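Report on one structure; see the data block that follows.
Since the model is a prediction, treat every value here as computed from it, not as a measurement. Numbers for residues simply follow the sequence, beginning at 1.
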Amino acid sequence: MSQLTNKTERKAIKVIANTLRFFQDTNLLFVSAEDAFAIRHAEIMLRAVIESNGYKDYYKKGKGTKILKDKKPKYHANELF
């Protein structure tokens with residue numbers, strides 16, 4: 001059973017990001033249309049969890065999965081200078 005908190009910790013985000021690399025291989029397999037839709041939906045939801053916590057995930061073969069904290073811009077989009 002998980003412990004619920006106000007903020008998802010970085011370790012949990014890393015575990016979620018590690019699972020995303022396995023979704024890339026499903027397009028090479030024979031799956032039904034309903035299952036393909038469910039798999040794609042699950043991938044989108046997991047990416048949404050990562051991005052909503054301010055991270056981006058990157059996977060490189062041989063290097064593994066890395067998560068990077070998104071840097072917020074120092075200015076607002078509507079400011080010119």
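Atoms CZ and CG, from Arg40 and Asp35 in turn, are 15.5 Å apart once rounded to the nearest 0.5 Å. Rounded to the nearest 0.5 angstrom, Ile50 CD1 and Met45 CE are separated by 12.0 Å. Atom NZ of Lys11 sits about 14.5 Å away from atom CD1 of Ile16, to the nearest 0.5 Å.
For the pair Asp57 and Leu68, the minimum side-chain heavy-atom distance is 4.5 Å or more. Using a 4.5 Å heavy-atom threshold, the side chains of Arg10 and Tyr55 count as touching. No side-chain heavy atom of Lys60 sits less than 4.5 Å from a side-chain heavy atom of Tyr58. Proximity of Ile39 to Phe23: side-chain heavy atoms (C-beta onward) are separated by under 4.5 Å at one or more points.
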Using the side chain to side chain contact (heavy atoms under 4.5 Å, CB included) rule, take Lys56 and Ile67 through it: C-alpha gap first, then chi angles, then the decisive distance, then the call. CA-CA 6 Å; Lys56 290 279 187 182; Ile67 56 172; over 6 Å; no
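Closest approach of Val31 and Ala36 over heavy atoms only: CG2-CB, 3.9 Å. In this structure, Asn18 and Arg21 approach most closely via the heavy-atom pair O-CG, 3.4 Å.
The closest donor-acceptor contact from the side chain of Lys14 to the backbone of Thr65 lies under 3.5 Å.
No more than 12 heavy atoms of other residues, nucleotides or ligands shown are found within 6.0 angstrom of CZ on Phe37. Applying the 6.0 Å contact sphere to NZ of Lys66 captures no more than 12 heavy atoms from other residues, nucleotides or ligands.
Ion pairing between a basic and an acidic side chain is recognised when a charged N comes within 4.0 Å of a carboxylate O; Arg47 and Glu43 show such pairing.
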